[in-house]
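Since the structure comes first, as structure tokens, the remarks are kept for the end.
Small disclaimer: the values here were computed from a predicted structure and weren't measured.
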Amino acid sequence: MVKYFLGQSVLRSSWDQVFAAFWQRYPNPYSKHVLTEDIVHREVTPDQKLLSRRLLTKTNRMPRWAERLFPANVAHSVYILEDSIVDPRNQTMTTFTWNINHARLMVVEERCVYCVNSDNSGWTEIHREAWVSSSLFGVSRAVQEFGLARFKSNVTKTMKGFEYILAKLQGEAPSKTLVETAKEAKEKAKETALAATEKAKDLASKAATKQQQQQQQFV
């Protein structure tokens, strides 16, 4: 049995901008799990389509129950092949990705089609499909559920990373990451607390001075 995913996302940038950003996605604050990327093949076909194959290395932390099934020396990195077909004439880009190691534990295959949004020609929509399978006897269903949940989480990171790079390429200020936002909020809270403390001290000092003046009047 295979777990299937079907989804659609929209980027508020033109197809040309998304195509350019696709090759510059890494690194970004949301892709720390992507360690390396290498182009292993590239060619332009007679009908002017760009064919590429990339090898990516990503970290792959297994769940604890799965780690017990594999030796301690098994690599936690996943090697992923990505084939892409770019058709500039029709403004479409199709990508296929799949892992080439840890296939006994789990195989995740993904197909994405990037095309011009049907409602807004200045936007790009992504049609995404994925298949998660496992041949691990006895726990394949649990592995597939885990793989599908992780895939959905990674899709969210992918879209945030895309938006970050697109904003950067277009000269806009990229939206802050959650860590950066939390850090700024913490610093602001400290400043507010410090200002409140100083104000309280000032009020207390003024109150003490006023009390002393009143006492002197009664002496």
(message) For residues W23 and L11: do they belong to one hydrophobic cluster (side chain heavy atoms under 4.5 Å, members Ile, Leu, Val, Met, Phe, Trp, Tyr)?
(response) yes
(message) So, taking the atom named CZ in R111 and the one named CZ in F5, what distance separates them when rounded to the nearest 0.5 Å?
(response) 14.5 Å
(request) Calculate, to the nearest 0.5 Å, the distance between atoms CE and CG belonging to M93 and L50 respectively. (result) 10.0 Å
(message) Here's one to test your reading of the geometry: is the NZ or CZ of R25 within 45 degrees of the ring axis of F162 and under 6.0 Å from its centre?
(response) yes
(request) Would you indicate whether the side-chain heavy atoms of S118 and E125 approach each other to under 4.5 Å? (result) yes
(request) Keeping the roles fixed (side chain from N120, backbone from G122), state whether a donor-acceptor pair exists under 3.5 Å. (result) yes
(request) Begin with the C-alpha distance, continue with both residues' side-chain angles, and end with the deciding distance and a verdict on side chain to side chain contact (heavy atoms under 4.5 Å, CB included) for V143 and L105. (result) CA-CA 7 Å; V143 171; L105 173 64; 4.0 Å; yes
(request) May I ask you to test the R104-L136 pair for a side-chain heavy-atom distance under 4.5 Å? (result) yes
(message) What I'd like to find out is whether the side chain of L166 reaches to under 4.5 Å of the side chain of Q17, using heavy atoms alone.
(response) yes
(request) Using distance alone, with no hydrogens and no angle criterion, decide if S134 and Q144 have a side-chain donor and acceptor under 3.5 Å apart. (result) no
(request) Give the cluster check for F96 versus L55: same hydrophobic cluster or not, with ILVMFWY residues linked at side-chain heavy-atom distances below 4.5 Å. (result) yes
(request) Would you give the length of the straight line joining atom CG of D83 to atom OG1 of T94, rounded to the nearest 0.5 angstrom? (result) 11.5 Å
(message) For a quick check under 3.5 Å, do D16 and S14 share a side-chain donor-acceptor pair by atom type?
(response) no
(request) Classify the side-chain pair Y4/E129 by whether it contains a donor and acceptor separated by less than 3.5 Å. (result) yes
(message) Could you check whether any side-chain N or O of N99 sits under 3.5 Å from a backbone N or O of V78, counting only pairs where one atom can act as donor and the other as acceptor?
(response) no
(request) Look up atom CZ in R128 and atom SG in C112, then write down how far apart they are to the nearest 0.5 Å. (result) 4.0 Å
(request) Give the intermediate values and the outcome of side chain to side chain contact (heavy atoms under 4.5 Å, CB included) for residues T156 and K160. (result) CA-CA 6 Å; T156 301; K160 287 183 177 180; 4.0 Å; yes
(message) Has N28 got a side-chain atom pairing as donor or acceptor with Y30's backbone, closer than 3.5 angstrom?
(response) yes
(message) Please report the interatomic distance NZ(K32) to NZ(K157), rounded to the nearest 0.5 Å.
(response) 10.0 Å
(request) Kindly determine whether N117 and V10 satisfy side chain to side chain contact (heavy atoms under 4.5 Å, CB included), including the steps that lead there. (result) CA-CA 8 Å; N117 181 259; V10 174; 4.0 Å; yes
(message) I'd like to know if the side chain of Q91 reaches the main chain of D87, judged simply by a donor and an acceptor atom lying under 3.5 Å from each other, with no hydrogens or angles considered.
(response) no
(message) So for atom CZ, which belongs to R12, do other residues, nucleotides or ligands contribute more than 12 heavy atoms lying within a distance under 6.0 Å?
(response) no
(request) Using atom types as modelled and distance alone, determine if a side-chain donor or acceptor of T57 lies under 3.5 Å from a backbone N or O of L35. (result) no
(request) Identify whether V113 and V116 are in the same connected component of the hydrophobic contact network (ILVMFWY, side-chain heavy atoms under 4.5 Å). (result) no
(message) Please tell me whether V139 and V107 are part of a single hydrophobic cluster in this structure, the criterion being side-chain heavy atoms less than 4.5 Å apart.
(response) no
(message) Which heavy atom of H102 sits nearest to which heavy atom of S77, and what is that distance?
(response) NE2-O, 3.4 Å
(request) Anything under 30° is parallel, anything over 60° is perpendicular, the rest tilted; go ahead and classify F19 against W15. (result) parallel
(message) Determine whether I100 and I80 satisfy the following criterion, side chain to side chain contact (heavy atoms under 4.5 Å, CB included), listing intermediate values before the conclusion.
(response) CA-CA 6 Å; I100 56 176; I80 297 172; over 6 Å; no
(message) Within the 3.5 Å criterion, strictly below it, is a donor on Q170 or S13 matched to an acceptor on the partner's side chain?
(response) yes
(request) Evaluate the side-chain proximity of V86 to Y114: yes if any heavy-atom separation is below 4.5 Å, no if none is. (result) no
(message) If we ignore hydrogens and angles and just use 3.5 Å, is the side chain of S31 paired with the main-chain N or O of P27 as donor and acceptor?
(response) no
(message) So T36 and L56, do their side chains get closer than 4.5 Å, heavy atoms only?
(response) no
(request) Please examine the side chains of R54 and D38, heavy atoms only from C-beta on, and report whether any two atoms are closer than 4.5 Å. (result) no
(request) Check S9 against M159 and note the closest heavy-atom contact, atom names and distance. (result) CB-CE, 3.5 Å
(message) How long is the straight-line distance from CZ of R150 back to CG of L148, given to the nearest 0.5 Å?
(response) 12.5 Å
(message) Is the positively charged end of R53 above the ring of W98, judged by distance under 6.0 angstrom from the centroid and angle within 45° of the axis?
(response) no
(request) Check T95 against S84 and note the closest heavy-atom contact, atom names and distance. (result) CG2-CB, 3.9 Å
(message) Please determine whether residues V132 and L6 belong to a single hydrophobic cluster, defined as Ile, Leu, Val, Met, Phe, Trp and Tyr linked transitively by side-chain heavy-atom distances below 4.5 Å.
(response) no
